[in-house]
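Convention: sequence-line order gives letters A, B, ...; per-chain numbering from 1.
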Amino acid sequence: MTGSPRRRSPGARPVNHHRLVGALLVGLVALVAGCGTPPQEDTTQRLTAAIPGDPVSLDWGLNTDALTIDIAQNIFEPLFAADRTWQPKPMLADGYTLTEGNTVYTIPIRRDVTFHNGQPMGAADVVASLNRWFTISGQAQLIKSALRGVQQLDPYTVQVRFDRPQRSFIPDLASLVQPCIVLPAAIAEAAGAKPLTDAQIIGTGPYQLERFVHGQYVDLRRFPGYRSRTEDWGGLNGRKVARIPQLRFRVVTDSTVRLNGLSTGQWQYAQSLDSDFYDLITGNTELTGLPERSSLIEFLLINSGAGPFRSLAARQGLNQLLDKRALAEATLGPAKLWEPLTGQFAFPDDAAMYSTAGMDTYRAHDPAQASQLLSSAGVGPNSPIRILTTHTYQNYYQMAVVVQSELRSIGISAQLQVYDFPTMVSKLSSDPGSWDLSMTSFAGEIMAPTQVLFLTPKWPGGYRSAAMDAAIAQYEASADDAAAKAAIDRIQAVVWQEVPDIGIGKQVKLDAVTHQVRDYQNFVGQGFWNAYLAPARTAD
Amino acid sequence: MSHVIFRRGRDLVITLLLVGTLMFFVVHLLPGNPAIAMLGSYATEDQVRQLTHALGLDQPLLSQYGLWLGHVVKGNLGDSIGFQQPVTTVLAEHLGPTALLAVASTVISLVVSVPLAAYTAARPGSWWTRVLTPLSVFGIAVPNFWLALVLIIVFGVALRVLPIAGYVSPLTDLPSAVSHLILPVVVLVAGQAALFVRTLRESMLGELLALYPRTARAKGASERVVILGQLLPNALIPLLTVVGTSLGTLLGGIVIVENVFVIPGFGALLFQAINSRDYPLVEGITLAIALGYVLINLVVDLLYTAIDPRVRIR
């Protein structure tokens, strides 16, 4: 850089730069002051929930992602739905009878139900919805081979016939993932296997879709024609009253912004906050942290269909190698936001599905024996284990690093393959030969073993087992609760013996609400019925 | 002139064709599938296959390309898989916030940077110049997500004078729109204005070495006339290039700023479209961005001739 002339021409009037800068600053302050406090709407009329992503679709019957389920449970209702203890109870059905050797389900439906388009619900709608469910639901595919037909007996009764007993049928109708939501027949038939369009989002729930601006927000409003059940069942069922007139689910991808917006009152609910914020939230008297009561079990996914872990000894060796508690401590955040798992595929509060049969196998942690088992299966320093993971969910990456470290500690080489989440999911199913271990999460509250995804055929990992097939068949044929529980114990014992996957821990999602939100049922997702908003406190 | 317009039009078509074709194959080569995004990560392989077929995504890639190209030639960019709307509609809805942010921040940056650059060039040894020069380096160097979070914490959370996130159209509520725009615009201006100041200052310092300022002064022209009337116009061309590039980049999507401030613009849209493997939308956004770049460059070229008649577009 060179110098430049600084000479001022004779007679030139100096510019008062200080005055100019001062004027600019005053202008800026006036602009900010003019905006003042952001305009606040009447916050008792609309609850805004900040959610971390955009639901691709609101089709609860088809889309399996949490974002869809969280919102759509306010709009749609299934024939049967879980109560607060995760037992399936009639929702739009009025009960059911089981006859002809437990193969024929006769399901009367409620007569007081109206769809959001004003059309009353009848048996024809339920038949069409059941037919769609048998086409699109993953669980339904498992029992479809036994299906003989679905028919309408009268305007308010439907009948479903099977070739053989299918105990999981009612629980599967009530599943949290891909339940049998009831749609108007014309919509169910028109949609078929495709996702419902926004115009087809017509349910029977306490809220109806008002506007879905993709990528920005989903607006729901109270459905005036809603007729609630009267029972105090809780969960996704029972008495529901839409006390808040409007709900807005607003997409806010950044966790810090979700928390900040909660602090400033821009929204009243923030979902999936970073676990690092736990102390910040509990230290703020205006906010309440809500570790979600129902959450996910983090699993180490094992490729049993290809590669070294086709060998049972290799899988058992891996189970012996991993210190599951240490793995959970290292990857699942603050102690208040995870619980050590004893390896079940269901949580203890899910009494019908919870089992501890054979738990000692899971708990065993003996690196020396692990090394022997893995070595006997041909897994060693010359056969690197490929761990497929992602940075999108940091705990998956951390889990991969810890597993890699544990494998290396006994002389087994392991490579991380890190992708974005969509790529990872795609490779899991479309390129099964490219990975040996990966990570996933499963719902820990289920109503039938058909909802344990890694036990189902065609789930990534390719687990197949005659022992498991026999145990599941025993469950499907069980005639009463005691027989079903015995089958569940047997299934759990086979899981620990054959190690299709390894449960690591229950990770609890951290949500938070402002002091305004009252009577919110912290169950699963964001079912806002029965909650209400107290007036906002005035700022000091 | 008509010859210029014809040639530029031809170049535009070729550019869009190349960009569109390249992007079509790149997004289809990415692992992942829109059906998985629509069904969720717990969907079974059969379900994914079924929906992939229903969406026509199991057709051979070349026939999909032919179909897409045929539609694009007719001005039809197809339907977004995720939005379930025509891509053109989705683009139109998201262009407004990005364009407003880009234009507002560019105009404000120019308003701020031109006088500052002129001042610092004219008085390199002054106290203000010594302050402003390192400040401009800071403005360029500071990451905009960091500045955004600091401003949110100060003005949104602590002082509570501005909303921390969201977008309101000026057509629906002007005061609210302005209050929502202040923080993101300030973040963008910080980087842009600093770049403009440095560019223009360097250019003006170069012009100061020429003979004509000395001649002007010798003829008795005031310093203000020399700086503002003679040096500044001649020094504007490099700034114009930088402004054009900067505006094109902003229109192409201000991903981080839009995500932090929850502004539904092109950046947030592109991020979402890539994550959900919404092929038609990714292709549409790419074409729109390419079109924006080419048009802005054309405008910049035309402005060159307006500022400096010696420049001729060939």
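Taken from OG1 in A:T264 to CG in B:L162, the straight-line distance is 11.0 Å, to the nearest 0.5 Å. One distance of note links OG1 of A:T256 with CZ of B:F145; it measures 10.5 Å at 0.5 Å rounding. A distance of 10.5 Å separates CG in A:D254 from CZ in B:F261, rounded to the nearest 0.5 Å. How far CD1 of B:I153 is from OG of A:S263: 10.0 Å, rounded to the nearest 0.5 Å. In this structure, the separation between CG on B:D278 and NE2 on A:H214 is 10.5 Å, given to the nearest 0.5 Å.
Counting heavy-atom pairs closer than 4.5 Å to chain B, the top residue among A:V213, A:T68, A:D198 is A:D198. Comparing A:T456, A:I136, A:T423 by heavy-atom pairs within less than 4.5 Å of chain B, the highest count is held by A:T423.
Between the A:Q266 side chain and the B:A165 main chain, a donor and an acceptor come within less than 3.5 Å of each other.
Heavy-atom distances place the backbone of B:Y167, and not its side chain, under 4.5 Å from chain A. Heavy atoms closer than 4.5 Å to chain B are found nowhere in A:L67, neither backbone nor side chain. The parts of A:T135 that come within reach of chain B are both its backbone and its side chain, each placing non-hydrogen atoms under 4.5 angstrom from that chain. Proximity to chain B (any heavy atom under 4.5 Å) is restricted, for A:V251, to the backbone atoms N, CA, C and O.
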Verdict with supporting geometry, A:Q216 and B:I263, side-chain contact (heavy atoms from CB on, under 4.5 Å): CA-CA 8 Å; A:Q216 296 181 53; B:I263 295 168; over 6 Å; no
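Contact detail for A:G215 and B:Q272: the closest heavy-atom pair is CA-OE1, 3.5 Å. A:N260 and B:I152 make their closest contact through ND2-CG2, 3.6 Å (heavy atoms, listed as atom of the first residue, atom of the second, distance). Nearest approach of A:D420 to B:R277, heavy atoms of both residues: OD2-NH2, 3.2 Å.
Within the 4.5 Å cutoff, side-chain heavy atoms of B:V262 are placed close to those of A:V257.
No more than 12 heavy-atom neighbours from other residues, nucleotides or ligands sit within 6.0 angstrom of CZ on B:F271.
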